[in-house]
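Have a look at the structure below, then the notes.
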Amino acid sequence: MKKLLVMSMIACMAFSAAACGAKEEAPAPADGAEAPAETEALEDAADEAAPAEASGDKTWIIAMDTVFRPFEFTDETGEFVGIDVDVMKAIAEDQGFSYEIQSLGWDAAVAAVQAGQADGLIAGASITDERKASGWIFSDGYYNATQTFVVPEGSDITSFEDLRGKNVAVKNGTAGADFAESLKEEYGFTTTVFEDSPTMYQDVILGNSAACVEDTPIMADSIKVGGLALQIPEGMESDGAPYGFAIMNEANQELLDMFNAGLANIRENGTYDEIISKYLGE
């Protein structure tokens, strides 16, 4: 009876595999095989079926900005590179998951994650209470950055008071924009919103705005690499906030957990420091 029961279970399993589109069926046990061997074959078959259902087979879609040096940008060879790109790669390798980057621009990247067209976002996104309240679910911070006001090269603006009656350019939906908004009433300046950093910088260089607000490491890199006619005044920066990887659907908590675990590992083994040094020399 025991032998018949085990053979019936194997037959049911073979039928189920065929119904799910399996291309191979487990061979039937040889005549006269002992019941324990048949049971072992059944367990082996079950073990072989498990990886097909594992979440590790999933390719996660990661949305990023298009130009946010040194966190994401296209280098002279046409390759998409940057701190965010390298951190994501290192974490995926550490945790053993597959992913695909979609370089969409800030607004489109946020919208893609909100709409479920992407699973997560890494684009120099500051961790704020306002974003958490609106549904952003953040990882541990992976880089601590301040926001700073930036003025034309040679400008006599050295303090917030010097902005009174003037206009400040900001980028839509960023911590820099929030920083400017928190000060504009007190210091009497107005703001104009732009969709990307290069256009915002150009508005200041052309004299349409007296200043813009940007993440300090991004601005320092842009001035150095791009030779922009801009400068960063001392004492016009925020207290700082960490950047975080974000999901906006609790169903993707597994991805967030892997990011946190991988981040801790690459910090410990030195990979993280190598990435930061590569782009910022810190």
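Aromatic ring pairs are classed by plane angle as parallel below 30°, tilted from 30° to 60° and perpendicular above 60°; the pair Y143 and F71 is perpendicular. Taking the six-membered ring where tryptophan is involved, the planes of Y187 and F160 are tilted, since the angle between them lies from 30° to 60°.
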Mind running side chain to side chain donor-acceptor pair (under 3.5 Å) on T146 and T216 for me, showing each step along the way? CA-CA 6 Å; T146 60; T216 307; 2.6 Å; yes
Please walk me through it: do L256 and F138 pass side-chain contact (heavy atoms from CB on, under 4.5 Å)? CA-CA 8 Å; L256 196 69; F138 281 103; over 6 Å; no
Taking it one step at a time, do D84 and Y142 satisfy side chain to side chain donor-acceptor pair (under 3.5 Å)? CA-CA 9 Å; D84 288 349; Y142 69 90; 2.6 Å; yes
Is there a side-chain contact (heavy atoms from CB on, under 4.5 Å) between M219 and L228 once you walk through the steps? CA-CA 10 Å; M219 197 69 254; L228 301 179; 4.1 Å; yes
Assess the residue pair T191 and E181 against the criterion (side-chain contact (heavy atoms from CB on, under 4.5 Å)); give the C-alpha distance rounded to whole Å, side-chain angles, the decisive distance to 0.1 Å, and a yes or no. CA-CA 8 Å; T191 56; E181 291 296 322; 2.9 Å; yes
Start with the C-alpha distance between S182 and D178, add both sets of side-chain angles, then the distance that settles side chain to side chain donor-acceptor pair (under 3.5 Å), and finish with yes or no. CA-CA 6 Å; S182 73; D178 292 342; over 6 Å; no
side-chain contact (heavy atoms from CB on, under 4.5 Å) evaluation trace for I157 with L163: CA-CA 7 Å; I157 294 174; L163 294 172; 3.9 Å; yes
When you look at D119 and Y99, which way does the side chain to side chain donor-acceptor pair (under 3.5 Å) test go after all the steps? CA-CA 10 Å; D119 300 307; Y99 69 100; over 6 Å; no
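Using a 4.5 Å cut-off on side-chain heavy atoms (C-beta onward), V113 and N249 make no contact. Looking at heavy atoms from C-beta onward, M236 lies out of side-chain contact with V213 at the 4.5 angstrom threshold. When side chains are defined from C-beta on, D107 counts as touching N172, because their heavy atoms get closer than 4.5 Å. At a threshold of 4.5 Å between non-hydrogen side-chain atoms, the residues L255 and I62 count as touching. Between F149 and F189 the shortest side-chain heavy-atom distance falls below 4.5 Å. Looking only at side-chain heavy atoms (C-beta outward), I122 and M64 come within less than 4.5 Å of each other. Under the 4.5 Å side-chain criterion, counting only non-hydrogen atoms from C-beta, R69 is not in contact with Y279. Contact of the C212 side chain with the D203 side chain is not registered, since no non-hydrogen atoms from C-beta on lie closer than 4.5 Å.
A distance-only check finds a donor-acceptor pair linking the side chain of R131 to the backbone of S126 [under 3.5 Å]. Remark: the backbone N or O of G78 is paired with a side-chain donor or acceptor of D75 at under 3.5 angstrom. Using modelled atom types, one side-chain atom of D162 and one backbone atom of S159 make a donor-acceptor pair closer than 3.5 Å. The closest donor-acceptor contact from the side chain of D94 to the backbone of A90 lies at 3.5 Å or more, if one exists at all. Within the 3.5 Å criterion, the main-chain N or O of T199 finds a donor-acceptor partner in the side chain of D196. Under a 3.5 Å cut-off, the side chain of Q202 and the backbone N or O of M200 do not form any donor-acceptor pair. Checked by atom type and distance alone, the side chain of E100 never pairs as donor or acceptor with a backbone atom of W60 at under 3.5 Å. Counting only distance, with no hydrogens or angles, the side chain of S222 and the backbone of I218 share a donor-acceptor pair below 3.5 Å. Checked by atom type and distance alone, the side chain of S209 never pairs as donor or acceptor with a backbone atom of A211 at under 3.5 Å. Between the side chain of R164 and the backbone N or O of E186, at least one donor-acceptor pair lies under 3.5 Å.
V67 is not connected to L121 by any chain of hydrophobic side-chain contacts under 4.5 Å among Ile, Leu, Val, Met, Phe, Trp and Tyr, and they are in different clusters. In the hydrophobic clustering of ILVMFWY residues, with side-chain heavy atoms under 4.5 Å counting as a link, L183 and V193 come out together. Put simply, Y243 and F259 are part of the same group of oily side chains (I, L, V, M, F, W, Y) that touch within less than 4.5 Å, one to the next. A continuous path of Ile, Leu, Val, Met, Phe, Trp and Tyr side chains, each step under 4.5 Å between heavy atoms, connects I223 with I83, placing both in one hydrophobic cluster. Hydrophobic clustering, with ILVMFWY side chains joined whenever heavy atoms are under 4.5 angstrom apart, keeps Y201 apart from V225.
Taking all atoms of both residues into account, the shortest heavy-atom contact from Q231 to V150 is O-CG1, 3.4 Å. For P242 against G141, the heavy-atom pair with the smallest separation is CB-CA, 4.0 Å. In terms of heavy-atom proximity, L104 sits nearest to A112 at CD1-CB, 3.8 Å. A pairwise comparison of heavy atoms in G240 and N144 identifies C-OD1, 4.4 Å as the closest pair. When every heavy atom of M88 is checked against every heavy atom of F97, the shortest pair comes out as CE-CZ, 3.7 Å. Of all the heavy atoms in V170 and A180, the pair that sits closest is CG1-CB, 3.7 Å.
In this structure, the separation between CD on Q95 and CG on N260 is 9.5 Å, given to the nearest 0.5 Å. Atom OG1 of T66 and atom CD of Q102 lie 13.0 Å apart (nearest 0.5 Å). Rounded to the nearest 0.5 angstrom, D215 CG and E237 CD are separated by 13.0 Å. Note that the CD1 atom of I276 and the OG1 atom of T271 stand 12.0 Å from one another [nearest 0.5 Å]. Atom CD1 of residue I275 and atom NZ of residue K89 lie 9.5 Å apart, to the nearest 0.5 angstrom. For the atom pair F245 CZ and I137 CD1, the distance stands at 11.0 Å (nearest 0.5 Å).
For the residue pair N208 and N167, no side-chain donor N or O sits within less than 3.5 Å of a side-chain acceptor on the partner. Side chain to side chain, Q147 and S238 meet the donor-acceptor criterion of an N or O pair below 3.5 Å. Between S103 and E72, the side chains place no donor N or O within less than 3.5 Å of an acceptor N or O (distance only, hydrogens not considered).
Environment of CG in D239: sparse, with no more than 12 heavy atoms of neighbouring residues, nucleotides or ligands closer than 6.0 Å. Environment of NZ in K166: crowded, with over 12 heavy atoms of neighbouring residues, nucleotides or ligands closer than 6.0 Å.
Between K171 and D65, at least one side-chain N (NZ, or NE/NH1/NH2) sits under 4.0 Å from a carboxylate O, which counts as a salt bridge.
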